[in-house]
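Just so we're on the same page: letters track the sequence lines, and every chain starts at 1.
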Number of protein chains: 2
Amino acid sequence: MTKIAKPPKRQIILEEAAKLFKDKGYGGTSMRDIAGQVGMEAASMYNHIKSKDEILDSICFRISDVYIAHLREVEELPLSFGEKVRVLIRLHIQLMVEDGPAVSVANHDWKYLPNARLTEFTTARRQYEKGFAALIAEGIAAGEFQAVNPTVALFTILSAVRWVELWFQPGRSLSAQELEDHIITMLLKGLEQR
Amino acid sequence: MTKIAKPPKRQIILEEAAKLFKDKGYGGTSMRDIAGQVGMEAASMYNHIKSKDEILDSICFRISDVYIAHLREVEELPLSFGEKVRVLIRLHIQLMVEDGPAVSVANHDWKYLPNARLTEFTTARRQYEKGFAALIAEGIAAGEFQAVNPTVALFTILSAVRWVELWFQPGRSLSAQELEDHIITMLLKGLEQR
DNA sequence: ATTTCTAACTAACATTTGTTAGTAAAAATA
DNA sequence: TATTTTTACTAACAAATGTTAGTTAGAAAT
């Protein structure tokens with residue numbers, strides 16, 4: 001009988017916090033709300049976390065780290081630019097489907113990070129955007145993509161992917177796989193030259 | 001000498017509130033924050049507005065009404081489906097550029113509307129989405145568009161447009177007109193059949 | 001000139017907020 | 001077994017919240 005280690009309390013707190021932050025916003029969620037969801041008094045949570053700010057910090061930077069790592073991996077792959085962009089879009093959608101609440105928080109509530117960490121976060125995000133935009137620009141230079149404005153293309157892609165959280169329900173006619181295919185078709189038929 | 005009627009206090013409050021809600025969220029903005037921006041004590045604002053909720057209500061429904069009106073107008077125009085979609089996208093972007101903070105609030109903070117009004121708001125939005133999706137579906141049926149999933153197409157469009165608020169600064173290399181052109185190109189080259 | 005209305009103010013209210021202190025039971029370690 | 005560490009609790013805190021009450025100076029209306 002293999003023992004399944006149940007997740008430590010800290011992680012449960014972070015997960016429940018992410019769900020609540022997604023639904024009610026960072027400012028709209030109280031420590032008592034989170035505690036209620038976890039099944040504990042608000043004060044007890046301070047045995048596992050340092051502060052409300054730190055909860056937000058953990059969620060945002062965990063996601064931001066994943067994004068950066070994905071970009072670095074894709075950059076090293078021996079693929080065409082079109083394929084690299086496809087892979088990145090797939091990774092975006094997969095992360096959204098698997099880790100929805102946390103991604104939502106990283107997308108919406110990062111601005112409530114305390115000052116020092118806020119600039120760190122925006123720097124990381126700009127770095128990601130720069131790397132992604134470079135792939136698009138190189139793809140244009142290589143003749144794979146139409147001569148669109150790379151920034152507009154980048155944000156159109158990021159935006160389209162970001163809203164998956166709002167209209168995707170796992171059981172609802174479309175599977176995650178189909179969703180990926182449809183979005184990629186919609187986006188890249190406009191991006192790739194024919 | 002023509003007299004320029006300066007806007008009534010109520011409108012100033014709504015405008016400043018929209019800016020603050022956009023930057024700090026509804027929950028993150030206090031009545032004292034708004035009052036400070038308007039140049040007045042928090043309590044004084046209650047001569048012009050009924051409650052904090054009512055501020056949010058005014059902003060959200062003003063924008064929602066504009067969207068619905070735009071849709072109704074476009075539906076009546078004697079245009080192809082491709083052109084109708086183009087017009088709708090242009091109207092979206094224009095509203096965003098002209099009335100940015102209010103649109104942001106209607107996009108992000110509507111969920112903090114009190115219960116009764118919240119369902120009214122989501123109903124209105126679903127109505128808009130339904131009308132827009134119908135245009136896409138009819139365009140497909142008419143052979144103007146590729147046979148994409150209309151829902152995916154709709155949300156890709158709405159999402160792409162929605163993020164204009166995040167990266168468009170009026171003076172910044174791209175004009176509003178160019179922005180419109182680029183986004184439409186990016187989106188419709190994937191939507192229109194060739 | 002007198003009254004009424006408008007719009008600002010100060011003071012205060014009851015809640016709710018994030019967080020700390022102190023304590024006790026339970027678990028881990030010796 | 002004895003001791004230390006972990007984790008939960010209750011109680012309380014100071015600060016911030018949306019809002020009301022009461023008041024007052026000036027503008028508009030009579």
Side-chain angles (χ1 to χ4, degrees), chain A residues 3-60 105 108-118, chain B residues 3-60 105 108-118:
Chain A
K3 192 177 266 174
I4 292 179
K6 65 175 170 187
K9 279 283 155 63
R10 178 168 218 278
Q11 201 161 324
I12 296 176
I13 293 172
L14 295 180
E15 280 165 19
E16 294 302 325
K19 287 189 217 163
L20 287 170
F21 290 169
K22 178 188 169 179
D23 286 347
K24 322 204 300 165
Y26 180 70
T29 303
S30 74
M31 293 300 281
R32 287 164 180 85
D33 290 338
I34 302 171
Q37 215 61 33
V38 173
M40 182 187 281
E41 291 301 311
S44 308
M45 293 196 298
Y46 285 80
N47 287 314
H48 306 281
I49 52 104
K50 287 220 309 254
S51 69
K52 192 187 179 191
D53 281 347
E54 194 228 6
I55 295 178
L56 181 65
D57 192 285
S58 277
I59 296 170
C60 288
V105 171
H108 291 119
D109 295 324
W110 56 270
K111 54 182 155 181
Y112 306 119
L113 287 168
N115 243 312
R117 295 289 277 170
L118 189 145
Chain B
K3 192 179 265 178
I4 293 178
K6 66 176 169 185
K9 279 284 154 62
R10 178 168 218 279
Q11 200 161 325
I12 296 176
I13 292 172
L14 294 180
E15 281 166 20
E16 295 302 324
K19 288 189 216 164
L20 287 170
F21 290 169
K22 179 191 171 177
D23 287 347
K24 322 205 298 167
Y26 181 70
T29 304
S30 74
M31 294 300 281
R32 287 164 181 83
D33 289 339
I34 303 171
Q37 214 60 33
V38 174
M40 174 188 289
E41 291 301 312
S44 308
M45 292 195 300
Y46 285 79
N47 287 314
H48 305 280
I49 52 107
K50 286 220 307 254
S51 68
K52 193 189 179 191
D53 281 347
E54 192 228 5
I55 295 178
L56 181 64
D57 192 285
S58 277
I59 296 170
C60 289
V105 171
H108 291 118
D109 296 323
W110 56 270
K111 54 182 154 183
Y112 307 118
L113 286 168
N115 243 310
R117 294 292 275 169
L118 188 146

Student: May I have the distance from A/R10 (atom CZ) to D/dT6 (atom P), rounded to whole angstrom?
Tutor: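 In whole Å, D/dT6 P and A/R10 CZ are 15 Å from each other.
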Student: Testing the basics here: between A/W110 and A/C60, what is the closest heavy-atom pair and its distance to 0.1 Å?
Tutor: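 That closest heavy-atom pairing would be CA-SG, 3.9 Å.
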Student: CD of B/E54 versus C1' of D/dG18: gap in Å, rounded?
Tutor: 14 Å
Student: Taking only the side-chain nitrogens and oxygens of A/S44, find out if one of them lies under 4.0 Å from OP1 or OP2 of D/dC9.
Tutor: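 For D/dC9, OP1 or OP2 has a side-chain N or O of A/S44 closer than 4.0 Å.
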Student: Tell me whether the side-chain N/O atoms of A/K9 come closer than 4.0 Å to OP1 or OP2 in D/dT6.
Tutor: no
Student: Do the rings of B/Y112 and B/Y26 sit parallel, tilted or perpendicular, given the 30° and 60° boundaries?
Tutor: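 Rings of B/Y112 and B/Y26: parallel, as their planes differ by under 30°.
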Student: Nearest heavy-atom pair of B/A42 and B/R32: which atoms, and what distance?
Tutor: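 The pair with the smallest heavy-atom distance is CB-CG, 3.8 Å.
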Student: If the threshold is 4.0 Å, N to carboxylate O, is there a salt bridge linking B/E54 and B/R117?
Tutor: no
Student: What integer distance in Å separates A/E41:CD from D/dA11:P?
Tutor: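 Atom-to-atom, A/E41 to D/dA11, this comes out as 10 Å.
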Student: Looking at C/dT19, D/dC9, D/dT19, which one has an atom nearest to any side-chain atom of A/S51?
Tutor: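 In terms of side-chain proximity for A/S51, the closest of C/dT19, D/dC9, D/dT19 is C/dT19.
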Student: Within the side chain of B/K24, is there an N or O that forms a donor-acceptor pair under 3.5 Å with the backbone of B/S30?
Tutor: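 No.
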Student: Verify side chain to side chain contact (heavy atoms under 4.5 Å, CB included) between A/K9 and A/M40, making sure each step is shown before the conclusion.
Tutor: CA-CA 10 Å; A/K9 279 283 155 63; A/M40 182 187 281; 3.6 Å; yes
Student: OP1 or OP2 of D/dT6 sitting under 4.0 Å from any side-chain N/O of A/H48?
Tutor: no
Student: Could you tell me the separation between the CG atom of A/L20 and the P atom of C/dG18, rounded to a whole number of Å?
Tutor: 12 Å
Student: Kindly compute the distance separating CE (A/M45) from CE (A/M31), expressed to the nearest 0.5 Å.
Tutor: 4.0 Å
Student: Using atom CE of B/M45 as one end and atom P of C/dT6 as the other, report the distance to the nearest whole Å.
Tutor: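 Value for this atom pair: 20 Å.
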Student: Atom CG of B/N47 to atom P of D/dA25: distance rounded to whole Å?
Tutor: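 Answer to the nearest Å: 16 Å.
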Student: What does the list of N/O pairs under 3.5 Å between the protein and nucleotides 21-24 of chain C look like, with a distance for each?
Tutor:
none

Student: Starting at the 5' end of DNA chain C and moving along, which residue's nearest nucleotide shows up first, A/G28 or A/K50?
Tutor: A/G28
Student: Once you round it to whole Å, what is the distance between P of C/dC9 and OH of B/Y46?
Tutor: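 Spelled out: OH on B/Y46 to P on C/dC9 is 14 Å.
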Student: What integer distance in Å separates B/M31:CE from C/dT15:C1'?
Tutor: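 From B/M31 CE to C/dT15 C1': 16 Å.
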